[in-house]
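Below you'll find the structure, written out as structure tokens, and then a few comments.
Protein chains get the first letters and strands the later ones, always in sequence-line order, with residue 1 at the start of each. All values below come from the heavy atoms of this structure, side chains included, with hydrogens, waters and symmetry mates left out. All values derive from a computational prediction rather than experimental measurement.
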Amino acid sequence: MEEVRLIEVKEDIMSDNDAVAKSLRERLSKEKTFLINLMSSPGAGKTSLILKTLESLKNELRIGIIEADIDSMVDAEKVAAQGVATVQLRTGGFCHLDASMVEKGLSSMDIGELDLIIIENVGNLVCPAEFDTGAIKNVMILSVPEGDDKPLKYPLMFSVCDVLLVNKMDYLHLSDFDVEAMRERVLNLNRQIEIFEVSAKTGEGIEAWTNWLKGEATSFIG
Amino acid sequence: MHELQVTQRILDIVLRHAKGNGVNKVISIQLKIGELSDLEDEWVQKYFDYLSKHTIAKNAKLKIERTPVVMKCDECGHSFEVNIKEVKDIQCPECTHKKSTLISGREYYIKDMEVI
């Protein structure tokens, strides 16, 4: 009988994705294009938030959008109607975007002509958190109807994001969502995170968010 | 939910190492996965069995070691394990300070494999 041997592998499972993400970031920094990855659960308001952001920034920055959807074009059509460069990525059942998919999306955009690209990731609080997309900043939305306990249930998502947008603040008075408790839970996982309370519906708080975004994008592209 | 993609990556890495080492058959694979990951061990094995059925890693057993979530207190520097799914507040057991930094729990690592 053949002898059993032990082979040391010592390799990170995500190393290939991480390598693609790293080279994407190098390219973005050379091309001076700020890329953000927007994540949330389905229905938290990613598309509405993007539309509101475009309304406020499309005359100041050249913006492109990458829309990931499992199998539809609805969001991409709404965004393209705003007159910005939009690429639709059908993930074909994939629950998240990874760096190679984003690279593919970027290949059909003229990134040298864009200051800011927003990726609308697949609606899901679990899988997108595990895969580095190559974005410069990760942004997530938590909407008030989802509840203030979400940081406890999806800790990884809250720990990988640079910004948390608490959306649907116009609904707060109808809910028992505890903003302070939520803040404390989030900050426990991630102290560097910036939190903005917004309503994509009424426009409340949107300016603080777009000011932050504009500031970050401007300093990145120099 | 993304077990399939992760499992494909595991298989690719395993087969690459097997090829470089003149392996006839992979018996088991030792993985280290952080507690922050939502991967289900059972599904990783099922997907692996499906993906590997025509390879030399067919029937290999995945042995998943979970690495705990460890935080380091910003105040006193004490490192402590946290059961992230159960606690509401993360607090240093030594000095009760509430601010701490994540130092492990996000691992996704293949340690080694048994082969013949």
Side-chain angles (χ1 to χ4, degrees), chain A residues 1-20 70 91-101 121-132 148-149 151-160 178 181-193, chain B residues 1-14 16-40 44 69 71 74 82-91 98-102 105-116:
Chain A
M1 197 179 146
E2 286 174 281
E3 208 171 309
V4 175
R5 292 182 283 150
L6 190 70
I7 296 179
E8 290 208 334
V9 179
K10 289 187 174 170
E11 208 169 305
D12 201 298
I13 296 169
M14 297 295 190
S15 58
D16 55 345
N17 186 62
D18 292 347
V20 177
I70 289 183
T91 60
F94 271 39
C95 48
H96 62 276
L97 284 181
D98 65 16
S100 320
M101 291 188 252
N121 211 315
V122 181
N124 178 339
L125 286 180
V126 181
C127 318
E130 307 262 23
F131 294 84
D132 189 344
D148 53 41
D149 60 344
L152 305 171
K153 295 193 174 171
Y154 305 98
L156 185 62
M157 177 58 81
F158 288 83
S159 63
V160 301
D178 184 337
M182 179 277 304
R183 269 183 181 271
E184 195 171 316
R185 287 168 187 155
V186 172
L187 293 172
N188 256 335
L189 292 165
N190 180 352
R191 234 158 336 88
Q192 275 77 40
I193 198 165
Chain B
M1 285 191 265
H2 48 281
E3 279 82 354
L4 184 59
Q5 286 84 42
V6 171
T7 311
Q8 182 67 56
R9 286 166 203 262
I10 296 171
L11 181 62
D12 290 346
I13 296 172
V14 163
R16 176 159 46 78
H17 281 265
K19 201 174 172 191
N21 285 285
V23 168
N24 294 317
K25 188 166 172 48
V26 180
I27 310 286
S28 70
I29 302 153
Q30 292 271 2
L31 304 171
K32 260 178 129 166
I33 297 179
E35 283 284 1
L36 272 180
S37 154
D38 284 293
L39 285 189
E40 289 289 339
V44 178
V69 175
M71 311 285 296
D74 289 355
V82 177
N83 187 338
I84 206 91
K85 300 261 157 73
E86 282 175 15
V87 293
K88 283 210 165 181
D89 289 314
I90 297 168
Q91 185 174 328
K98 284 195 169 182
K99 291 186 170 151
S100 49
T101 306
L102 182 75
R106 291 195 56 190
E107 294 74 7
Y108 252 117
Y109 190 72
I110 306 179
K111 243 166 99 178
D112 50 43
M113 56 196 206
E114 285 182 316
V115 300
I116 46 179

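Contacts of B:Lys98 with chain A are made by both backbone and side-chain atoms, with heavy-atom separations under 4.5 Å. With a 4.5 Å cut-off on non-hydrogen atoms, B:Asn24 touches chain A through its side chain but not through its backbone. Contact annotation for A:Tyr154: neither backbone nor side-chain heavy atoms come within less than 4.5 Å of a heavy atom of chain B. In this structure, the portion of A:Glu130 lying under 4.5 Å from any heavy atom of chain B is its side chain and not its backbone. Neither the backbone nor the side chain of A:Gln192 has a heavy atom closer than 4.5 Å to any heavy atom of chain B. Proximity to chain A (any heavy atom under 4.5 Å) is shown, for B:Ser28, by neither the backbone nor the side chain. Neither the backbone nor the side chain of A:Ala181 comes within contact range of chain B; no heavy atom of the residue lies under 4.5 Å from a heavy atom of that chain.
The nearest pair of heavy atoms linking A:Cys95 to B:Gln5 is SG-OE1, 4.2 Å. Scanning all heavy atoms of the two residues, the minimum distance from A:Asp12 to B:Ile13 falls at O-CD1, 3.8 Å.
Put simply, of B:Ile10, B:Asn21, B:Val23, the one with the most heavy-atom pairs under 4.5 Å next to chain A is B:Asn21. Between chain B and the options A:Glu8, A:Met14, A:Arg5, the largest number of non-hydrogen pairs under 4.5 Å is found for A:Arg5. Note on B:Lys25, B:Glu114, B:Gln30: by heavy-atom pairs under 4.5 Å with chain A, the leading option is B:Glu114. Contact count against chain A (heavy-atom pairs under 4.5 Å) is highest for B:His17 among B:Arg106, B:His17, B:Lys32. By number of non-hydrogen pairs under 4.5 angstrom with chain A, the leading residue of B:Leu36, B:Val69, B:Ile116, B:Val115 is B:Val115.
Rounded to the nearest 0.5 angstrom, A:Asn190 CG and B:Leu102 CG are separated by 9.5 Å. Distance check, rounded to the nearest 0.5 Å: CG of A:Asn188 to CD of B:Gln91 gives 9.0 Å. One finds the CG atom of B:Leu4 at 11.0 Å from the SG atom of A:Cys127 (value rounded to the nearest 0.5 Å).
The shortest distance between side-chain heavy atoms of B:Arg9 and A:Asp98 falls below 4.5 Å. B:Leu31 is listed as a side-chain neighbour of A:Ile13, based on a closest heavy-atom distance under 4.5 Å.
Within a 6.0 Å sphere centred on CD of B:Glu40, heavy atoms belonging to other residues, nucleotides or ligands number 12 at most.
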